[in-house]
Amino acid sequence: MSASVWDGVVGQAPAVERLTAALDAGPVHAYLFVGPPGSTKTEAARAFAGLLLSGQDDPEQRDVRLALRGEHPDVREVRRTGPAISADQAREIARVASLAPAEGDRKVLILEEFHLLRPEGAALLLKTIEEPPPSTTFVILCDFVPHDLVTISSRCVRVDFRGIPKDLVAARLLVEGIGPAEAQAAAVASLGDLDRARLLASDPAVAERRRTFAGVPDRLDGTGGAAAALAAELLDLVDDAAAPLAARHEQEVEALSERIAEMGERGSGKKQLEDRHRRELRRQRMDELRSGLAVVAGAYRDRVTAGSASNGGGFEDDAASAVHLVHEALESLTFNPNERLLLESLLWRLPSR
């Protein structure tokens, strides 16, 4: 089978079909890709941009090849420079949209993490996205559509992406040279996020971390001391899980340092790289906590399925309560709580065997 621009888009057949049909019908001014992190939205956006510029499903064609690598001068990928997309950054997006393409007769703006657009930024960009210059096409990526993005969403063709099934994640990792055992463990722990699966596949401790989180119900005794000790142990494991990402960051810093030594620091993107590394480490930490807590919830569910009993035969009720408490903790992670206090409180309230 010949190579396709869509080869990097995994488990998203309905999205690919819709985008292919959109190209056949004639492209419009704006598209909104909605789906969870690691669902290959970015790969799809680059592939779509390459097709918009070239009209050819050929990964070796020059425009397509550069677009797929994120290096085409007429495909601008815009990422937030702070915790959210500010009004100043929104103004810059509008300015870039108004410029003529650098090479051809069309340019594509890929706007990432648009669910983090501030309300004032949404107001500034509405008119630009609704009526961009004829040469500009927007491809907007977001994990979900918040209230402040509803109006902009209504001006776009929406394409939905889903979390990737674990069997497809594992199969992709195998193709990329990961061993079967490592690929399977990473796929299960990634919760449908291929980017995270790739990171976990380079982490030999992922299986041990999952076993530790799965064993939480057996190590609780209803005391604050046990909860505090276990919370500290789990957070140490979360800290250790950042090692593969930190190693990758070190390589990127070294490569940038070499470029700076040759060309100077002005315009090098050093500050942007540092900001991106901080965001990635934070996201990795949150992903690890969410994954671990999901394993804890699964451990209590498994005990109900197996017909376990404790506390006079009421373990099923206790387990259901435990799952509810874990889900509350998962939801609270959105608000960046004190992780240690969150875990200690959760573990103290969870039922013990």
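Heads up: numbering here begins at 1 and tracks the sequence. These numbers come from a predicted model, not from an experiment.
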Self-check item: Any side-chain donor near an acceptor of the partner, S86 and D88, under 3.5 Å
Solution: no
Exercise. Evaluate side-chain hydrogen bond (donor to acceptor under 3.5 Å, both in side chains) for H327 paired with E331, printing each intermediate quantity in order.
Key: CA-CA 6 Å; H327 284 176; E331 292 175 2; over 6 Å; no
Practice problem: Find the distance between CD (E112) and CG (D143) and round it off to the nearest 0.5 Å. | Solution: 10.5 Å
Quiz item: What residue among C156, P134, P133, P132 forms side-chain contact (heavy atoms from CB on, under 4.5 Å) with H29?
Solution: P132
Exercise. To the nearest 0.5 Å, tell me how far E130 CD sits from F138 CZ.
Key: 12.0 Å
Quiz item: Are L333 and L230 linked, directly or through other ILVMFWY residues, by side chains that come within less than 4.5 angstrom of each other?
Solution: yes
Quiz item: Between R219 and T212, is any pair of side-chain heavy atoms under 4.5 Å apart?
Solution: yes
Exercise. State plainly whether the residues D160 and R158 are in salt-bridge range, i.e. N to O under 4.0 Å.
Key: yes
Quiz item: Is the shortest side-chain N to carboxylate O distance from E113 to R283 below 4.0 Å?
Solution: no
Quiz item: Taking atom CG of D148 and atom CG of L126, what is their separation to the nearest 0.5 Å?
Solution: 12.0 Å
Quiz prompt | Gap separating the CZ atom of R198 from the CG atom of L200, nearest 0.5 angstrom | solution = 12.5 Å
Quiz item: Nearest 0.5 Å, what's the CG-CD distance between L125 and E120?
Solution: 11.0 Å
Quiz item: Do you know which two heavy atoms are closest between L289 and L343, and how far apart they sit?
Solution: CD2-CD1, 4.2 Å
Self-check item: Atom pair CD (Q184) and CG (L174), whose distance is rounded to the nearest 0.5 Å
Solution: 8.5 Å
